[in-house]
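Please read these numbers as outputs of a predicted model, since none were measured by experiment. Throughout, a chain's letter reflects where its sequence line sits, starting with A, and its residues are numbered from 1.
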Amino acid sequence: MHVRVGENTVEVQAGESVGQVLAKALSGKAYKNTVVARYGDALIDLSSPVPAGCEALTPVAADSPEGLDVVRHSAAHVMAEAVKKLFPKAQVTIGPAIEHGFYYDFAFERPFTPEDLVAIQAEMDRIVAANHPFFCRTASREEAAAVFDKMGEQYKLEVLEAIPGDTVTLYTQGGFTDLCRGPHVPSTGFLKAYKLTHVAGAYWRGDDKRPMLTRIYGAAFADANALKKYLHHLEEAKKRDHRRLGTQLDLFSFSEEAGAGMVIWHPKGALVRTILEDFERKEHLKRGYHIVQGPQLLKRELWERSGHYENYRENMYFTEIDEQAYGVKPMNCLSHMLIYKSRMRSYRDLPLRYFELGVVHRHEKSGVLHGLLRVRQFTQDDAHIICRPDQLQEEIIAIIDFVRDVVGLFGFEFEANLSTRPEKSIGSDEAWELATNALIQALEGAGLPYQLNEGDGAFYGPKIDIKLKDALDRRWQCATIQCDFTLPERFDLMYTGADGERHRPAMLHRVILGAVERFMGVLIEHTTGAFPTWLAPVQARILTVTEAHDAHAQVVVDRLRNAGIRAETDLRNEKLGYKVREAQMEKIPYMLVIGDQEMEQRAVNVRLRSGENLGLKDVEEVMDLILEDCQAPFKRGGMRYNFCQ
RNA sequence: GCCAGCGUAGCUCAGUUGGUAGAGCAGCUGAUUCGUAAUCAGCAGGUCAGGAGUUCGAAUCUCCUCGCUGGCUCCA
């Protein structure tokens, strides 16, 4: 028989392995880099015999996305072998490939320590040096169960039970056998670059009712250079950490005395978020929203009626006023519905869009708090759109456009998810189906690609989530659009139709930035603290060479401020280099230097934070430059928001 | 909440086997009047997160509380 490999066709003898066939078809160099082969839709081990009827095989290189997965997963096997050798009593569970490497979860009488990691890594090095081949064999369920029972691997037996079919595949390398569907690299020597990074606890089966296992994480790449690059990338990402930049740039802080998860905004941080919030108010007014404001505390009965008390109580804070129980709001929807209910509504009034920069409190578990990205008090740019069911589609598409405008303004790349009905939820099946379909149709209408996230919706309705990435590529949910038929029913929202009858409106919950705090955190990491000029707390700093230039600096700063530019002077008795360095570290967009020459010509010398020097410029010209810079991102994004005026 | 690791001056970090703490930057004072990422000198600054215990003696060992970090579960 003949098999095609790329452009070559090679003859295959009976009993030849995939690897042998590829070796014939490829150059030595290309073959050396091959870890598995693609056969149809599946990946296949190089040691496998060529399947009957096989027409084509594609080599998969170690540094391809698929190949990397194989390398990483094989590294997990090697790590498990090393752990079993050093700690024979440890039980293995599962060990998949992940984004930059792999992990493996172990059940052991004690957690592993950083010193253990060093020993495990050394043992892995020995296993790799020995270059043991990965053997694959097919076994019946009974046979496999006997193997793991004998080894005392209780968790593997449980994994085995969950696998469908009569047979399973077992992989053995060196002295270690694992239940695995494969594929793997041909032998342990193919692992060129891996490093165990940290240990963490992880619940068995991801269930917090079940035992906690010890997870060992490792990074793995096709070659040492790629691994080195990744470790360097981690170091660089640390410099972009918003918590570090928040301190460096004096934007915000946390205080042990104030409490966990409570942000304290310093002048510069508070200024940035105020500008962001002003921008949002204007954008919302432009798009037909009404700005509203509700109370921070609402009576407990109201939360019972909404279903929050039943479904969300453990995340809420309660207090008492004159023997009446109150709940601190974790969401803003209730008062918005009360506004709707404050009078009769006609079909002509709809849609009604209520917007609130609402401060909410949520009792997040202590272990999940994370800088600005996960806090206990935060401000949502929240809106509730109450509309007729026939208006839903159009409204959802308008929101998606809004999100695209704003997220695009900052240059974020984003991912969209559609989250469907969770186990713990309220409302009828019909309502859920209607709501889910509305979201799907809007996504398709807006041409937004999305991933399905089954069972991840809010308890009252399905949602579209938009996720942004932080410095370490972790994804954080920011914008979300939730479709809700349940709360309008619970609160008996009504409108009078053209037919004179009373009808039930639908409700959309949505945020654009999500939480101002979280968005600021992601934005700080995205920009490394170098905010776009329109958001920069200080847009221009005037730097004098000596005190002889102070008076002119004062004239210049007054002119800039009058034009609405956030400018300040640095008149300190320091060398120019020192002042430049400080302004540079504060990421101030415009440094305006004044010395003898500038004073003579009533001008300034312009330095940008990029290091670029624009030379001598007229003050008027510089003001235009800065104002233009403020508006540039909006013009690019097709928005006509005019921040400076 | 769970698992692990941490908490030393405003910030970044030293601190050997237990013998009551140091550096750089920032701050203050003085000198210097200087052209695009750090001028020099001096001074001051800490109940070593908080509490309890072991010990003749604790930043260091043990326990508890608070907080932080990385994961897990959960979530904007």
Quiz item: Which part of the nucleic acid, if any, lies within contact of A/G595, taking any heavy atom under 4.0 Å across all strands shown: a base, the sugar-phosphate backbone alone, or nothing?
Solution: base
Exercise. Return the value, rounded to whole Å, for the distance between atom NZ of A/K575 and atom P of B/rA37.
Key: 13 Å
Self-check item: Separation between the P atoms of B/rG71 and B/rU55, rounded to whole Å
Solution: 42 Å
Quiz item: Base, sugar-phosphate, or nothing for A/L369, non-hydrogen atoms under 4.0 angstrom?
Solution: sugar-phosphate
Practice problem: Please work out if A/N315 contacts a base, only the sugar-phosphate, or nothing of the nucleic acid, heavy-atom cut-off 4.0 Å. | Solution: nothing
Quiz item: Just how far, in rounded Å, is P of B/rG10 from CD1 of A/I264?
Solution: 16 Å
Exercise. Looking at every strand, decide which applies to A/G577 at a 4.0 Å heavy-atom threshold: base, sugar-phosphate, or nothing.
Key: sugar-phosphate
Practice problem: May I have the distance from A/Y203 (atom OH) to B/rG1 (atom C1'), rounded to whole angstrom? | Solution: 6 Å
Exercise. Look at the side-chain N and O atoms of A/R607 and state whether any lies under 4.0 Å from the OP1 or OP2 oxygen of B/rA37.
Key: yes
Quiz prompt | Whichever of A/G259 and A/L372 has its nearest RNA chain B nucleotide further upstream toward 5' | solution = A/G259
Quiz item: Is it true that A/R240 and A/E236 make a salt bridge, defined as a side-chain N closer than 4.0 Å to a carboxylate O?
Solution: no
Self-check item: Flag for A/H384-A/N332: side-chain donor and acceptor within less than 3.5 Å
Solution: no
Quiz item: Looking only at atom C1', what distance separates B/rG30 and B/rU12, rounded to whole Å?
Solution: 28 Å
Quiz item: OP1 or OP2 of B/rU69 less than 4.0 angstrom from a side-chain nitrogen or oxygen of A/R243, does that happen here?
Solution: yes
Quiz item: A/G371 near the nucleic acid: base, sugar-phosphate alone, or nothing, with a heavy-atom cut-off under 4.0 Å?
Solution: sugar-phosphate
Quiz prompt | Salt-bridge criterion met for A/E525 and A/R474 (N-O under 4.0 Å) | solution = no
Self-check item: Base-paired stems that RNA chain B participates in, counting runs of 3 or more Watson-Crick or G-U pairs under 3.5 Å
Solution: B:1-7 with B:66-72, B:10-13 with B:22-25, B:27-31 with B:39-43, B:49-53 with B:61-65
Practice problem: Would you confirm whether A/Q482, through its side chain, and A/K463, through its main-chain N or O, come within 3.5 Å as a donor-acceptor pair? | Solution: no
Exercise. Please state whether the base of B/rC74 and the side chain of A/R374 form at least one donor-acceptor pair under 3.5 Å?
Key: yes
Quiz item: From the list B/rU36, B/rA76, B/rG70, which nucleotide is the closest neighbour of the side chain of A/A200?
Solution: B/rG70
Quiz item: Within the structure, does a side-chain N or O atom of A/R362 lie under 4.0 Å from either OP1 or OP2 of B/rC74?
Solution: no
Quiz item: B/rA21 and B/rC34: how far apart are their P atoms, nearest whole angstrom?
Solution: 46 Å
Quiz item: Touch check for A/E364, heavy atoms < 4.0 angstrom, all strands: base, sugar-phosphate only, or nothing?
Solution: base
Practice problem: Write down the distance separating the C1' atoms in B/rC6 and B/rA49, rounded off to the nearest Å. | Solution: 12 Å
Quiz item: For B/rG35, does OP1 or OP2 lie under 4.0 Å from any side-chain N or O of A/K579?
Solution: no
Quiz item: OP1 or OP2 of B/rC74 less than 4.0 angstrom from a side-chain nitrogen or oxygen of A/H363, does that happen here?
Solution: no
Quiz item: Under 5.5 Å between ring centres and under 30° between planes: true for A/F378 and the base of B/rA76?
Solution: yes
Exercise. For nucleotides B/rA14 and B/rU8, find the distance between their C1' atoms and express it as a whole number of Å.
Key: 10 Å
Exercise. Grab the CG-P distance between A/D208 and B/rC75 for me, whole Å please.
Key: 11 Å
Quiz prompt | Proximal nucleotide (of B/rA38, B/rG67, B/rC3) relative to the A/R581 side chain | solution = B/rA38
Self-check item: For A/R374, salt bridge (Lys or Arg N to Asp or Glu O under 4.0 Å) partners two or more places apart
Solution: A/E364
Quiz item: Can you tell me how far C1' in B/rG15 sits from the matching atom in B/rU20, rounded to whole Å?
Solution: 14 Å
Quiz item: Between B/rA37 atom P and A/E612 atom CD, what is the distance in whole Å?
Solution: 14 Å
Quiz prompt | Side-chain donor/acceptor contact of A/E314 with base of B/rG1 under 3.5 Å | solution = no
Quiz item: To the nearest angstrom, how far is A/E574 atom CD from B/rA37 atom C1'?
Solution: 14 Å
Quiz prompt | Name of the residue among A/N605, A/V604, A/L576 meeting side chain to side chain contact (heavy atoms under 4.5 Å, CB included) with A/I594 | solution = A/V604
Exercise. Give, for atom CD of A/E415 and atom CG of A/N453, the distance between the pair rounded to the nearest 0.5 Å.
Key: 10.5 Å
Exercise. Find the distance A/E517:CD to B/rC75:P and express it as a whole number of Å.
Key: 20 Å
Exercise. Would you indicate what A/R205 reaches in the nucleic acid, counting non-hydrogen atoms under 4.0 angstrom: base, sugar-phosphate, or nothing?
Key: nothing
Exercise. State which of B/rG35, B/rG71, B/rG7 makes the closest approach to the side chain of A/E256.
Key: B/rG7
Quiz item: Using a cut-off of 4.0 Å on non-hydrogen atoms, how would the nucleic acid contact of A/V593 be classed: base, sugar-phosphate, or nothing?
Solution: base
Quiz item: The side chain of A/V545 lies closest to which of these nucleotides: B/rC75, B/rC68, B/rG35?
Solution: B/rG35
Practice problem: Select base, sugar-phosphate, or nothing to describe what A/Q597 touches, counting heavy atoms under 4.0 Å on all strands. | Solution: base
Practice problem: Quick one: label A/Y217 by what it contacts on the DNA or RNA (base, sugar-phosphate, nothing), any heavy atom closer than 4.0 Å. | Solution: sugar-phosphate
Self-check item: B/rC11 phosphate, OP1 or OP2, under 4.0 Å from A/R244 side-chain N/O
Solution: no
Practice problem: Would you please confirm or rule out a distance under 4.0 Å between OP1 or OP2 of B/rA37 and any side-chain N or O of A/Q584? | Solution: no
Quiz item: How is A/K238 classified with respect to the nucleic acid when contacts are heavy atoms under 4.0 Å: base, sugar-phosphate, or nothing?
Solution: nothing
Quiz prompt | Pairing of A/D401 and A/R287 as salt bridge, 4.0 angstrom limit | solution = no
Quiz prompt | Rounded distance in Å - CG (A/L117) to P (B/rC3) | solution = 19 Å
Practice problem: Check whether any side-chain nitrogen or oxygen of A/Y578 sits under 4.0 Å from OP1 or OP2 of B/rA26, and answer yes or no. | Solution: yes
Quiz item: For A/D207, which contact category applies under a 4.0 Å heavy-atom criterion: base, sugar-phosphate, or nothing?
Solution: nothing
Quiz item: For A/V580 and A/E547, take the nucleotide of RNA chain B holding the closest heavy atom to each; which residue's nucleotide lies nearer the 5' end?
Solution: A/E547
Exercise. Considering only atom C1', compute the distance from B/rA52 to B/rA58 and round it to an integer number of Å.
Key: 13 Å
Practice problem: Can you measure from OH (A/Y104) to OG1 (A/T93) and round to the nearest 0.5 angstrom? | Solution: 6.0 Å
Quiz prompt | Backbone N/O of A/H526 and side chain of A/H242: donor-acceptor pair under 3.5 Å | solution = no
Practice problem: Taking atom C1' in both B/rG57 and B/rC64, compute the distance separating them and give it to the nearest angstrom. | Solution: 23 Å
Quiz item: NA contact type, A/A202, heavy-atom cut-off 4.0 Å: base, sugar-phosphate, or nothing?
Solution: sugar-phosphate
Exercise. May I ask you to check whether A/F412 and A/F519 place their ring centres under 6.0 Å from each other?
Key: yes
Practice problem: Dump the intermediate steps for side-chain hydrogen bond (donor to acceptor under 3.5 Å, both in side chains) on A/K579 and A/T544, then the final yes or no. | Solution: CA-CA 9 Å; A/K579 295 183 182 183; A/T544 51; 3.0 Å; yes
Quiz item: Between A/T546 and B/rC34, is there a side-chain N or O to OP1/OP2 distance below 4.0 Å?
Solution: no
